[in-house]
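Report on the structure given below.
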Amino acid sequence: MRRVISISTRLTVWFGVIFLAGWVLFGAAMWLNLQRNLSAERHLTLSRRIDRLQEMMRRNERAPAASRAGDFRDFATATGGGRAEVFRADGSVLWPSPSSTDFSWPPVGNVSSESFFSIHAEGQPYLVIERSFRDEAWGPLVLVAAAPQAANLELLAEFRHGMFTLAPVLLLISMAGGYWMSRRALGPVDRITVAVRSIGIRNLSERLPVSRSGDELERLAETCNDMLARLEVAVLKLKQFTADASHELRGPLSLTRTIAEVALRQPDVDASSREALNAIIEESANAAVLLEQMLELARADSEPTSLILEPVDLAEIVADGCAMATTLGARKNIEVSLALGTSPALMVLGHASSLRRLLWILLDNALKYTPSFGHVRVSLENSAGHALLRVEDSGIGIAPGDVPRIFDRFYRADPSRAQVEGSGLGLSIAKWIADTHHAEIQVSSHEGQGSRFTVVFTLA
Ligand code: ADP
């Protein structure tokens with residue numbers, strides 16, 4: 001089965017994906033920028049330090065060697081955690097770093113002017129600058145200085161950590177915001193869906209709510225309303241046509257029947273004409289029933305709540321219906337029995353003649369689809385605030401594939417199984433009556449064994 005994912009959920013996921021992609025790009029760009037700036041700042045600091053050292057060396061060029069060594073020590077000590085050292089061109093140390101004597105400097109010598117190196121010394125990363133210098137007293141020298149990188153790397157690590165920690169929180173906020181926004185934006189669609197669902201052929205004059213927002217949803221609601229207006233006109237024309245056609249047909253049908261009945265009364269009618277006239281009378285009676293059923297359903301469609309419901313005694317209606325069915329059943333040798341339960345009256349809110357019609361449709365079917373010497377059992381019982389009306393027969397039953405369709409208009413389950421007259425409209429009318437009484441019709445049937453129709457009413 002295809003899984004349905006709502007637009008809100010899809011939008012939320014999109015918000016999340018877009019936010020995450022944006023966050024990753026933003027974070028990477030910021031991180032690279034920070035790294036570049038920190039590195040540039042470190043290079044600049046070291047360059048300036050060597051500038052100062054170079055300046056000091058130039059100033060003291062003629063001073064005695066011991067004083068120069070002292071000045072260098074002072075200079076190097078003042079660099080804090082940094083290191084500075086002066087090498088001869090052959091790589092031997094002229095003035096060692098005062099803070100550490102075994103600092104693993106990169107190899108010196110062949111320094112054309114200025115170079116930078118990254119090294120690992122004393123368990124942490126350092127950036128090192130080397131600059132060549134020609135001293136009047138010492139000849140070619142190499143001035144070196146180093147600055148620890150740990151603080152910068154820590155800063156970068158903290159930045160990365162912050163980005164990773166914030167990501168799920170911001171992702172959640174952005175997805176929640178996305179969901180809330182999409183729900184808000186799609187709220188009118190839900191309202192339109194509910195309104196469209198509630199509109200059927202019986203309330204075509206209703207219209208959808210139109211929010212004056214000037215957006216696509218306003219146009220959608222207006223387009224739906226235009227369509228409803230066109231449908232309403234078309235349905236009105238159809239109803240008028242059905243009513244006119246039925247009215248026009250009623251007259252000729254009853255006239256045909258009357259003419260046939262009059263002709264049948266003539267003494268000189270021969271046997272074959274009598275048979276033909278009887279067939280005409282029977283067929284026109286069937287056609288009249290069909291016409292009435294069609295009219296009934298057409299009215300049901302156009303006037304949804306035309307029935308006025310009032311308290312009626314279901315037990316009385318069932319007893320009357322069963323009495324009629326018993327007489328009819330006797331002609332076919334079908335036994336009709338009634339079990340009314342213990343309570344003398346079962347009151348429901350209903351329309352008495354419609355309920356009689358509903359019961360009769362079920363009883364008529366039970367008698368029609370039950371062969372001679374079968375039985376029809378009717379029962380009415382009070383069960384937990386409900387009245388259960390059952391009509392059970394020992395007839396031909398209904399194939400499982402037909403059961404869901406027997407309430408459809410004009411549906412007849414394989415008529416060849418039972419040579420029975422019918423229109424396929426009875427159960428549609430029964431369903432409509434049940435619906436208007438907020439009752440439910442349940443069917444259980446076994447082919448060749450019989451069927452049971454249960455109507456569940458709510459007690460008044
Ligand atoms: P119909 O005029 O054909 O009886 P209905 O709408 O009353 O029309 O019933 C629809 C179909 O349901 C019938 O054609 C029949 O095949 C099946 N059906 C209804 N009631 C019974 C029953 N008691 N036993 C067997 N089949 C039934």
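First listed ligand is number 1; within each ligand, the first listed atom is number 1. Keep in mind it's a predicted model, so treat the numbers as computed, not measured.
The ring-ring contact (aromatic ring centres under 6.0 Å, His included) test applied to W14 returns no partner, not counting sequence neighbours.
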Open item on the list: The test is salt bridge (Lys or Arg N to Asp or Glu O under 4.0 Å); show your working for D226 and R230 and say whether it passes.
Closed with: CA-CA 6 Å; D226 289 348; R230 288 198 300 278; 5.4 Å; no
Open item on the list: salt bridge (Lys or Arg N to Asp or Glu O under 4.0 Å), that's the test. Do E222 and R212 meet it? Break it down for me.
Closed with: CA-CA 10 Å; E222 275 175 352; R212 295 284 159 213; 2.7 Å; yes
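Of all heavy-atom pairs between C322 and V336, the closest is O-CG1, 4.3 Å.
Checked by distance only, ligand 1 and E421 stay at 3.5 Å or farther apart across all their nitrogen or oxygen atoms.
A salt bridge links E292 to R250: at least one charged side-chain nitrogen sits closer than 4.0 Å to a carboxylate oxygen. R257 has no carboxylate O lying under 4.0 Å from a charged side-chain N of E283, or vice versa, which leaves the two without a salt bridge.
In this structure, H437 and F457 have perpendicular ring planes: the angle between them is above 60°, well past the 30° mark.
Listed by number with element, the atoms of ligand 1 under 4.0 Å from a non-hydrogen atom of Y411 are 10 (C), 11 (C). Counting atoms of ligand 1 from 1 in the listed order, those under 4.0 Å from a heavy atom of S451 are 22 (C), 24 (N), 25 (C). Taking a cut-off of under 4.0 Å to the non-hydrogen atoms of K368, the atoms of ligand 1 that pass are 1 (P), 2 (O), 4 (O). Ligand 1 places these atoms under 4.0 Å from at least one heavy atom of G422: 2 (O). Taking every heavy atom of G424 and a limit of under 4.0 angstrom, the matching atoms of ligand 1 come to 1 (P), 2 (O), 3 (O), 6 (O), 8 (O). Atoms of ligand 1 found under 4.0 Å from any heavy atom of F453, numbered from 1 in the order shown, are 20 (N), 23 (N). Within ligand 1, the atoms closer than 4.0 Å to a non-hydrogen atom of L425 are 6 (O), 8 (O), numbered from 1 in the order shown.
In this structure, of L427, V403, D408, V289, the residue bringing a heavy atom nearest to atom 5 (P) of ligand 1 is L427. If you check each of N365, D364, D393, V443 against atom 7 (O) of ligand 1, the one with the closest non-hydrogen atom is N365. In the candidate list G426, G397, A413, S423, S423 is nearest to atom 2 (O) of ligand 1, counting heavy atoms.
Here the OG atom belonging to S6 is positioned 7.0 Å from the CZ atom belonging to R183, to the nearest 0.5 angstrom.
With a 4.0 Å heavy-atom cut-off, ligand 1 is reached by the side chain of I398 but not by its N, CA, C or O.
When side chains are defined from C-beta on, F26 counts as touching M163, because their heavy atoms get closer than 4.5 Å.
Residue contacts with ligand 1: F407 is excluded, as none of its non-hydrogen atoms falls under 4.0 Å.
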